[in-house]
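Just so we're on the same page: letters track the sequence lines, and every chain starts at 1.
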There are 2 protein chains.
Amino acid sequence: MSNTTSSETIPASPTSTGDHEREPAADRAYRHVKTGLLDGSYPDGHLLSEGEIAQTLRMSRTPVREAFLRLQSEGFLRLYPKRGALVVPITPAEAHSLMEARLTLESFAIDKLAALGRQRLAAIGRELLEHPACHPGELSDAETHEADRAFHARLVAAADNPVVTDLYSALRDRQLRITATARTHESSRRAAVTEQHNGLATALRDGDAALAKHRLREHLAHTMRAIGISEHLPHLDT
Amino acid sequence: MSNTTSSETIPASPTSTGDHEREPAADRAYRHVKTGLLDGSYPDGHLLSEGEIAQTLRMSRTPVREAFLRLQSEGFLRLYPKRGALVVPITPAEAHSLMEARLTLESFAIDKLAALGRQRLAAIGRELLEHPACHPGELSDAETHEADRAFHARLVAAADNPVVTDLYSALRDRQLRITATARTHESSRRAAVTEQHNGLATALRDGDAALAKHRLREHLAHTMRAIGISEHLPHLDT
DNA sequence: TGTATCTAAGATGCATACAAGTTTGGAGGT
DNA sequence: ACCTCCAAACTTGTATGCATCTTAGATACA
């Protein structure tokens, strides 16, 4: 048996190039269900079945099953053997936990950048000040959200820790579902959020890690208030 | 169509009761591959195929595929379309990232407990002082490792944030693979590790969060040194 | 009415078959 | 010796069928 095919030539592209030339069925299923989850088509506690989705998308259950597994690992679904896929109910407690986790990881990024040197903080601060999320403009709701996501993702990525970056992006997806569910009129918050982003980026540019973390915490607390959950967040520095 | 079966009776047990009465094939496949990954049977860069594993375990590719998907989501494998499953190579950089992430999450736990009140810190400190990981004893390597894992997991769980607890447990599994790969004679470290656990628990019991975080950082740095990676970890408090 | 039981419907778990992409190695020309 | 091309042997992607488990609801009975 020729099983031990070790140390081959390194495969080229793990992530698809983004081209959607005949997208795999599993990916379509994944996107379809996730979209439904995010826009509220599948409410909390809803029980999905593989066959149901498969029929809708005109494909077999196999790729749908794969999509379900992915969504379970991301915390969106909970699979019950022989029963179905439960849309994980969003409790205020979970939303709170998510926010705490975000605060933790973003604070880590700031701390690490600070440990790497004030100039690193300043560099990312300057970069973020140029970011769309720091400038009011006529953006659609979706664009605004995407800008916000990119802003925070950029900060975390700057810490140059791929493990943390991955964890963080998974959290953001979950939070997206929460904010989408608790439909708050984004537009009214928008000005405040832009201002907060500016404040955070400015603190970074000035090399003030403590202030940056403080403003980050305020920013997240503001979001929590907007979606109506207890805005208390622990202080992460002694 | 009777699709909208919302708000059903809440399903009972998501996690199997632990009984292994005819364990599902997918679980067997998962355990088999993960074991092979952890004990080094599948070295870095090895290319696994579904069929290979399926043949070994005398089952079809379907459950093996499911196991591969799970392992990919946990960061052990990287699936290449039509090519195979690559055993993710462990680079020193990744080991470092993992440790930073662990430090971040465990430090969060300490901070949150401190924010919840000194007595909460003390309570978990007292509990951890009783833990096997704090007492030298005649334990096998596996038992020692399990105790260590449980010790840290308990600390994180005490912060009462399920999201963080989940993230942390995933990280621990990945670290297990690293320490298993870089076979260091655990036994020689054991006394020192036990001492470090004691020191950490004692600091917690005394309500000294800053000292606890310091000792945690030292503890993790010690581990990093033992497996031969750069032991530099950022200070997470300003 | 209330309750135990049985049955049918619907769900997943897994095996199997086939389609399609990728790699590899050699035949054949230069 | 060195390309070029092609075919066979891999791989995964997906569809389909059947076994099994779960559960809701009808039915029979007290």
Side-chain angles (χ1 to χ4, degrees), chain A residues 1-17 19-33 46-72 77-87, chain B residues 1-14 16-17 19-33 45-72 77-87:
Chain A
M1 49 181 77
S2 66
N3 54 357
T4 51
T5 49
S6 190
S7 67
E8 314 246 334
T9 58
I10 305 142
S13 88
T15 69
S16 130
T17 57
D19 306 338
H20 43 81
E21 358 103 2
R22 271 174 47 232
E23 184 181 25
D27 290 5
R28 266 181 349 198
Y30 172 81
R31 281 203 342 221
H32 175 87
V33 178
H46 189 97
L47 212 47
L48 281 66
S49 80
E50 297 171 0
E52 180 188 331
I53 307 291
Q55 210 163 352
T56 302
L57 297 183
R58 235 80 64 95
M59 62 177 65
S60 85
R61 278 175 40 219
T62 310
V64 176
R65 181 177 185 75
E66 181 170 327
F68 277 20
L69 287 169
R70 274 155 72 175
L71 289 166
Q72 166 167 253
L77 296 180
R78 207 173 304 157
L79 268 34
Y80 288 87
K82 312 264 191 178
R83 298 255 299 142
L86 178 79
V87 177
Chain B
M1 47 180 77
S2 67
N3 54 357
T4 51
T5 49
S6 190
S7 67
E8 314 246 334
T9 59
I10 305 143
S13 88
S16 132
T17 58
D19 305 338
H20 43 81
E21 359 102 3
R22 269 172 51 230
E23 183 182 26
D27 290 5
R28 267 185 344 198
Y30 173 81
R31 281 208 342 234
H32 175 88
V33 177
H46 190 98
L47 213 46
L48 281 68
S49 79
E50 297 170 2
E52 180 188 331
I53 307 291
Q55 211 164 351
T56 301
L57 297 183
R58 235 77 65 93
M59 61 178 64
S60 85
R61 278 175 41 218
T62 310
V64 176
R65 183 179 183 75
E66 181 172 329
F68 276 20
L69 287 169
R70 275 155 72 177
L71 290 165
Q72 167 167 254
L77 296 180
R78 205 173 305 157
L79 269 35
Y80 289 87
K82 311 269 193 181
R83 301 254 294 140
L86 178 79
V87 178

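For Glu66(A), the side-chain hydrogen bond (donor to acceptor under 3.5 Å, both in side chains) partners two or more places apart in sequence, or in a different chain, are Arg65(B). With sequence neighbours left out, Arg31(B) forms a salt bridge (Lys or Arg N to Asp or Glu O under 4.0 Å) with Glu23(B). Partners of Ala67(A) by side-chain contact (heavy atoms from CB on, under 4.5 Å), not counting sequence neighbours, listed by chain and number: Ala29(A), Tyr30(A). Take Ser60(B) and apply the side-chain contact (heavy atoms from CB on, under 4.5 Å) test, not counting sequence neighbours, and it matches Thr62(B), Pro63(B). Partners of Ala85(A) according to the side-chain contact (heavy atoms from CB on, under 4.5 Å) rule, which considers only residues two or more places apart in sequence or in another chain, are Leu48(A), Phe68(A), Leu77(A), Leu79(A).
A close approach under 4.0 Å does occur between a side-chain nitrogen or oxygen of Arg65(B) and OP1 or OP2 of dG13(D). Of the side-chain N and O atoms in Arg83(B), none sit less than 4.0 angstrom from OP1 or OP2 of dT12(D).
The separation between Leu86(A) atom CG and dA11(C) atom C1' is 14 Å, rounded to whole Å. Per the geometry, CG belonging to Asp27(A) stands 10 Å off P belonging to dG13(D), to the nearest Å. At whole-Å resolution of the value, CG in Leu69(A) and P in dG13(D) are 14 Å apart. Distance Tyr30(B) OH to dG13(C) C1': 19 Å, rounded to the nearest Å. Between the CG atom of Leu48(B) and the P atom of dT12(D) there is a distance of 9 Å, rounded to whole Å. One interatomic measurement links the two molecules: CD of Glu50(B) to P of dC10(D), which rounds to 16 Å at whole-angstrom precision. Distance Phe68(A) CZ to dT12(C) C1': 11 Å, rounded to the nearest Å. Rounding to whole angstrom units, CG of residue Leu47(B) and C1' of dT12(D) are separated by 12 Å.
Classification of Asp27(A) and Arg70(A) as a salt-bridged pair holds, one side-chain N sitting under 4.0 Å from a carboxylate O.
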With 3.5 Å as the limit, what N/O pairs link the protein to nucleotides 15-19 of chain D?
| residue | atom | partner | partner atom | Å |
| --- | --- | --- | --- | --- |
| dA15(D) | OP2 | Ser60(A) | N | 2.6 |
| dA15(D) | OP2 | Ser60(A) | OG | 2.6 |
| dA15(D) | N7 | Thr62(A) | OG1 | 3.0 |

